[in-house]
Amino acid sequence: MILLSALKQNLRIWAKKFLPTSIIQALRRISDRADSQARRARVESMPEVSKETLLNDLSEAGISPGDIIMVHSSLSRIGKVSGGADAVIDALLETITDEGTLIMPCYGSADEAFKSSKKGEPVDLRTAKSAVGKITEVFRVRKGVLRSSHPFSSSCAVGKHAEYITSGHDAGPDVCHADSPVGRLVELEGRVVGIGIPIAQGLGVAHFLEDTWDDFPFEVHSDRASITYIDADGKETTRDVSRYDPKISRTRVDYPDGQWICKTLTEHMIRVGLMKQFKFGQADSWLMEARALYDELKRLAQKGVTMYLTEDGLSPENRDVLNW
């Protein structure tokens, strides 16, 4: 799955360089339809998964009443869920109870957000769909769910701390500053949960480290740029936001050239006891404490190990800190 994803990403990069936008968009629609059909076929071949099974799986994983959890997910990896995405969300909410808080990323495209702003058609967070999975989009439109104020990297939350977690995202230009949802997840000692996804897609805490620690080994941001969008309360907002530098991001854990560091960090987090693995339906899943993850990522970064490290750049000191 990782190799196929990397191949598709490299093809997209090639296409952006050499093909007209209209052809790229047409090819993307074809690819998306093919992916959707393949997912449906895979899910239909799986055994049915009930909400009761999901509740038991969450209990076995150690998720408890009162937990604050940020969940990254893939519905198709869970299996043929009776009740679909709603059943998954219900299982999560019933497990953490009203005393807990459920957070999900509801990211969009930065490129599209800036283009819309320039055309005078700003992204409207009241209606802008989540681009990070079916579960997150179903969660976004649920009654009582709040959405943070960011034009392309917002998070949604419901529960005891939802208002606090989503209320400060417009306080700074960076995606994961101290008052962002990820920043407040760390502050409140919440937990990061990955359902059917690799660690690469759930490392917002690593961005929090980059955005708040002055001694991070190198600069990861491009210059700030002004953007206009409409927040979840319907207020038009114009402010400067930061983006991650695409040249620096090329070897990041969630990019094709970051496959080695994705595998290496996963193995390391398991080895040091930070990542707990569990099954959620048919999905290989994991759980990490946000504060402990932050502390370990900072310790690694102090020794030159970041989610941008390549195997070619591995030094004897890096090997030592990774317990190789």
Side-chain angles (χ1 to χ4, degrees), residues 25 32 68-73 75 84-86 88-90 92-93 96 98-188 190 201 204 207-208 211-212 221-244:
Q25 291 174 341
D32 289 345
I68 302 168
I69 53 175
M70 187 166 201
V71 176
H72 305 261
S73 58
L75 180 61
D86 278 307
V88 174
I89 297 166
D90 287 342
L92 291 164
L93 291 174
I96 63 175
D98 291 342
E99 288 299 302
T101 307
L102 176 59
I103 314 159
M104 292 190 188
C106 286
Y107 306 151
S109 165
D111 288 340
E112 291 303 319
F114 276 104
K115 286 178 184 177
S116 296
S117 177
K118 288 179 181 178
K119 290 192 299 185
E121 302 171 357
V123 166
D124 189 338
L125 293 180
R126 295 171 298 180
T127 57
K129 293 183 177 180
S130 170
V132 284
K134 176 71 172 181
I135 295 172
T136 64
E137 174 58 15
V138 172
F139 181 63
R140 179 187 73 82
V141 299
R142 276 206 167 195
K143 183 178 180 181
V145 170
L146 305 178
R147 191 173 195 177
S148 69
S149 181
H150 194 283
F152 51 84
S153 288
S154 65
S155 291
C156 288
V158 70
K160 184 175 181 178
H161 299 286
E163 184 172 358
Y164 178 66
I165 285 167
T166 58
S167 64
H169 211 170
D170 58 351
D174 294 332
V175 171
C176 294
H177 57 78
D179 294 316
S180 69
V182 175
R184 289 182 169 171
L185 175 76
V186 175
E187 175 197 337
L188 295 171
Q201 295 175 24
H207 288 309
F208 172 62
D211 291 350
T212 59
H221 303 96
S222 299
D223 292 338
R224 296 172 183 175
S226 180
I227 190 170
T228 299
Y229 64 98
I230 299 170
D231 69 18
D233 293 324
K235 176 185 175 184
E236 184 170 286
T237 300
T238 300
R239 65 185 181 98
D240 287 347
V241 296
S242 297
R243 296 181 64 178
Y244 297 108

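Worth knowing before you read on, the calculation uses all heavy atoms, side chains too, and leaves out hydrogens, waters and symmetry mates.
- At a threshold of 4.5 Å between non-hydrogen side-chain atoms, the residues Met104 and Ile89 count as touching.
- Remark: Glu112 CD to Glu121 CD distance equals 11.0 Å, nearest 0.5 Å.
- Judged by distance alone, the side chains of Ser116 and Tyr229 never bring a donor and an acceptor atom under 3.5 Å apart.
- Considering Asp211, Asp223, Asp111 as possible partners of Arg243, the one that fulfils the salt bridge (charged side-chain N to carboxylate O under 4.0 Å, His left out) test is Asp111.
- Between Lys235 atom NZ and Ile230 atom CD1 the span is 12.5 Å, to the nearest 0.5 Å.
- Side-chain contact between Val88 and Val71: absent, with no pair of heavy atoms (C-beta onward) separated by less than 4.5 Å.
- In terms of heavy-atom proximity, Gly168 sits nearest to Arg184 at N-NH1, 3.4 Å.
- Asp124 has a carboxylate O that lies under 4.0 Å from a charged side-chain N of Arg126, or vice versa, which qualifies the two as a salt bridge.
- Salt bridge present: Asp90 and Arg142 bring a charged side-chain N and a carboxylate O closer than 4.0 Å.
- Here Lys160 does not pair with Asp98 in a salt bridge; the nearest charged N to carboxylate O distance is not below 4.0 Å.
- Closest non-hydrogen pair, Pro105 versus Met70, comes out as N-CE, 4.3 Å.
- Taking the side chain as every heavy atom from C-beta outward, Thr136 and Tyr107 never approach each other to under 4.5 Å.
- For the pair Phe139/Leu102, a side-chain contact is recorded, criterion being any heavy-atom separation below 4.5 Å from C-beta on.
- Salt-bridge check for Arg140 with Glu137: passed, with a basic side-chain N closer than 4.0 Å to an acidic carboxylate O.
- The backbone N or O of Thr228 sits less than 3.5 Å from a side-chain atom of Ser117, completing a donor-acceptor pair.
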Show your working on side-chain hydrogen bond (donor to acceptor under 3.5 Å, both in side chains) between Arg147 and Ser154 and close with a plain yes or no. CA-CA 7 Å; Arg147 191 173 195 177; Ser154 65; 2.9 Å; yes
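- Residues Ile68 and Leu185 meet the side-chain proximity criterion, which asks for heavy atoms closer than 4.5 Å.
- The minimum heavy-atom distance between Phe114 and Ala225, with the atom names listed, is CE2-CB, 3.8 Å.
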Under the criterion side-chain contact (heavy atoms from CB on, under 4.5 Å), I'd like the reasoning laid out for Thr238 against Ser226: C-alpha separation, chi angles, the key distance, then a yes or no. CA-CA 7 Å; Thr238 300; Ser226 180; 3.5 Å; yes
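- For the pair Thr101 and Tyr164, the minimum side-chain heavy-atom distance is 4.5 Å or more.
- His169 places no side-chain N or O within donor-acceptor distance of the main-chain N or O of His150, the cut-off being under 3.5 Å.
- Separating the NE2 atom in His161 from the OG1 atom in Thr166 is a distance of 12.5 Å, to the nearest 0.5 Å.
- Counting all heavy atoms, side chain and backbone alike, Ala232 lies closest to Leu125 at N-CB, 3.8 Å.
- At least one side-chain heavy atom of Val241 sits under 4.5 Å from a side-chain heavy atom of Pro151.
- When all heavy atoms of Ser242 and Asp174 are compared, the closest pair comes out as OG-OD1, 2.9 Å.
- In this structure, Ser148 contributes its side chain and Ser155 its backbone to a donor-acceptor pair below 3.5 Å.
- Side-chain contact between Thr237 and Asp170 is absent, with no heavy-atom pair separated by less than 4.5 Å.
- Across all non-hydrogen atoms, the minimal contact from Val158 to Gly144 is CG2-O, 3.7 Å.
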